[in-house]
Amino acid sequence: MSSTELRRTALDATHRALGATMTDFAGWDMPLRYGSERDEHVAVRTRAGLFDLSHMGEITVTGPQAAELLNFALVGNIGSVKPGRARYTMICREDGGILDDLIVYRLGDTEAGSLHYMVVANASNAQVVLDALTARAAGFDAEVRDDHDAYALLAVQGPEASGILKGLTDADLDGLKYYAGLPGTVAGVPALIARTGYTGEDGFELFVQPAHAVELWEALTRAGEGVGLVPCGLSCRDTLRLEAGMPLYGHELSTALTPFDAGLGRVVKFEKEGDFVGRAALAEAASQAEQSPPRVLVGLVAEGRRVPRAGYQVVSGGAVVGEVTSGAPSPTLGRPIAMAYVDPTHAAPGTAGVGVDIRGSHEPYEVVALPFYKRQK
Amino acid sequence: MSNPQQLRYSKEHEWLSGAQDGASTVGITEHAANALGDVVFVQLPEVGDSVTAGETCGELESTKSVSDLYSPVSGEVAEINEDVVNDPSLVNSAPFEGGWLFRVKVTDEPADLLSADEYTAFTAG
């Protein structure tokens, strides 16, 4: 553990009162789990889970040229995002390497002619993203502001999430689509209500003032009591996103990879107006990806019970053909699963003879298409 | 949590029972089980294997990590708990009972195994 003091969220005392096992996550003291992480995982898949995600980094971007700035700084076409909608996107270096993956929410315009966005970065990259946006804002009539401390972020995820929230808000949740957000009131607390998540389930993320976090957490807990809502830690968040095939920065995404390497070239919008940071390198990466495909991100499902971990080698016939980026026992499948970058020759679902080197033993694995889990709508 | 008085404990968080029918039972403590989180896979030594005090003799996989299993004593493995192999969650739900791991005919026992009170103090510190 580092010598610097861990940052604590507004819900810190609540987590401790619930008996959470805490962990250092990107310098934040966060709940890893409250009881069994498997039970928490299953609750989100079948009922509902309540998460504190206040470690995520919020950055506010406003001004007449806020859209132009974000179009220049990020790889997506942010100018096409309508008020009340959100977009999954990435911020890259000039060489195309991924600095972070982001969700950008377009909020209502603050005043005539001034646009308002909230960029949500991973906790581990919040400062990097803030610094990059600030540097890239030079010459644009736009302001970049660190709002990490202005928000607590609570998430309610799972099939019961919308039912739980409906009892606490007058906001039109039925009209709120996936990747949309609207300002409203939840349990009397002003909130940005977003239909986003990182679990593969329907759910909501609620951005509120830290001073209201405990009050909202308690109201959600009470509202969810009858339908099996449980507090959930970061451990199950990781297995939930893994089953849903969602990348995690530092595992599937890094500065050594472009979005095309990660199989996420679709987030790069070359057709948008104007230049953007990384355009030339990314155009090169796109054509390279077509001519000689790089390693492909695939799913692996264990035939046995030993769990692959990040960094383990994927092997076939005695040769290394890839590397595991994330692995865990899957509560839903009942078997260990992994995401891995593998050579294109071994990337097709059903490829025979693929294994993972688990501490010297080559365990058989089945190559499958991602995601491992898709909810029934 | 309370550590049963009749057991002795290693600093690697294994417990050891007194001998019964010529063999002692080994498991991991509740403290260790809680630290691991949900155990999903256990690899145990085989019956007849020699184990050495303080050396690895298997592994425990949880959601987040894999940990070595150390034998608290030296001896020969007399029996393994097939139930825990089939249902590793027993390690979490009943670490001192149904979640036991293996039984060993002890040939040598380190002098520095801890009493329940000493182990409780050790894990509190």
Side-chain angles (χ1 to χ4, degrees), chain A residues 19-25 30-44 230 232-243 248 251 301-312 324 326-338 356-361 363, chain B residues 1-3 12-13 27-46 49 51 55-71 80-99 101-102 120 123-125:
Chain A
T21 299
M22 306 296 284
T23 190
D24 174 359
F25 189 88
M30 299 298 294
L32 182 64
R33 52 188 149 81
Y34 298 83
S36 156
E37 60 243 316
R38 169 176 300 253
D39 292 350
E40 292 169 19
H41 181 114
V42 171
V44 173
V230 298
C232 289
L234 295 184
S235 182
C236 81
R237 183 168 149 90
D238 191 41
T239 50
L240 288 160
R241 71 92 196 167
L242 176 58
E243 286 186 348
L248 173 62
H251 288 256
V301 177
E303 291 174 20
R305 293 166 68 175
R306 300 181 90 199
V307 184
R309 309 286 177 182
Y312 286 11
V324 170
S326 298
S330 161
T332 304
L333 275 67
R335 291 194 285 172
I337 57 172
V356 176
D357 182 339
I358 298 187
R359 298 180 294 285
S361 157
E363 303 282 330
Chain B
M1 81 188 72
S2 94
N3 297 302
E12 284 84 24
H13 308 287
I28 68 163
T29 65
E30 187 174 359
H31 174 87
N34 286 345
L36 286 173
D38 291 334
V39 175
V40 296
F41 173 79
V42 297
Q43 187 184 47
L44 299 175
E46 292 179 16
D49 280 0
V51 292
E55 293 191 3
T56 64
C57 62
E59 59 188 33
L60 298 163
E61 295 236 30
S62 62
T63 299
K64 297 303 275 183
S65 66
V66 58
S67 304
D68 285 325
L69 171 66
Y70 296 89
S71 180
I80 62 167
N81 185 358
E82 296 289 353
D83 290 344
V84 87
V85 171
N86 294 325
D87 180 9
S89 72
L90 285 169
V91 173
N92 297 103
S93 59
F96 293 117
E97 292 165 5
L101 298 177
F102 61 91
T120 301
T123 52

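Residue numbers begin at 1 in each chain, while the letters A, B, ... track the order of the sequences.
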* Could you check if a side-chain atom of A/E40 sits within less than 4.5 angstrom of a side-chain atom of A/V44, using non-hydrogen atoms only? => no

* Asked: Quick check: does any side chain N or O of A/R305 sit under 3.5 Å from a backbone N or O of B/V85, one acting as donor and the other as acceptor?
  -> yes

* **Proximity breakdown for A/R359 and chain B, heavy-atom pairs closer than 4.5 Å** => side chain

* Structure fact -> CG of A/L234 to CE of A/M22, rounded to nearest 0.5 Å, is 9.0 Å

* Structure fact -> Applying a strict 4.5 Å limit to non-hydrogen atoms, the region of A/T239 in contact with chain B is side chain

* Structure fact -> By side chain to side chain donor-acceptor pair (under 3.5 Å), B/S89 pairs with (sequence neighbours left out) B/D87

* Using non-hydrogen atoms only, which part of A/R38 is less than 4.5 Å away from chain B: side chain, backbone, both, or neither? -> both

* **Under 3.5 Å: donor-acceptor pair, side chain of A/R335, backbone of A/A302** => yes

* To do: Sort out for me which residue in A/P329, A/S235, A/P331 forms a side-chain contact (heavy atoms from CB on, under 4.5 Å) with A/E37.
  => A/S235

* To do: Could you tell me whether a side-chain N or O of A/S361 sits under 3.5 Å from a main-chain N or O of A/I358, the two making a donor and an acceptor?
  => no

* What are the residues of residues 59-68 of chain B, in order of number, with any heavy atom under 4.5 angstrom from a heavy atom of chain A? -> B/E59, B/E61, B/S62, B/T63, B/K64, B/S65, B/V66

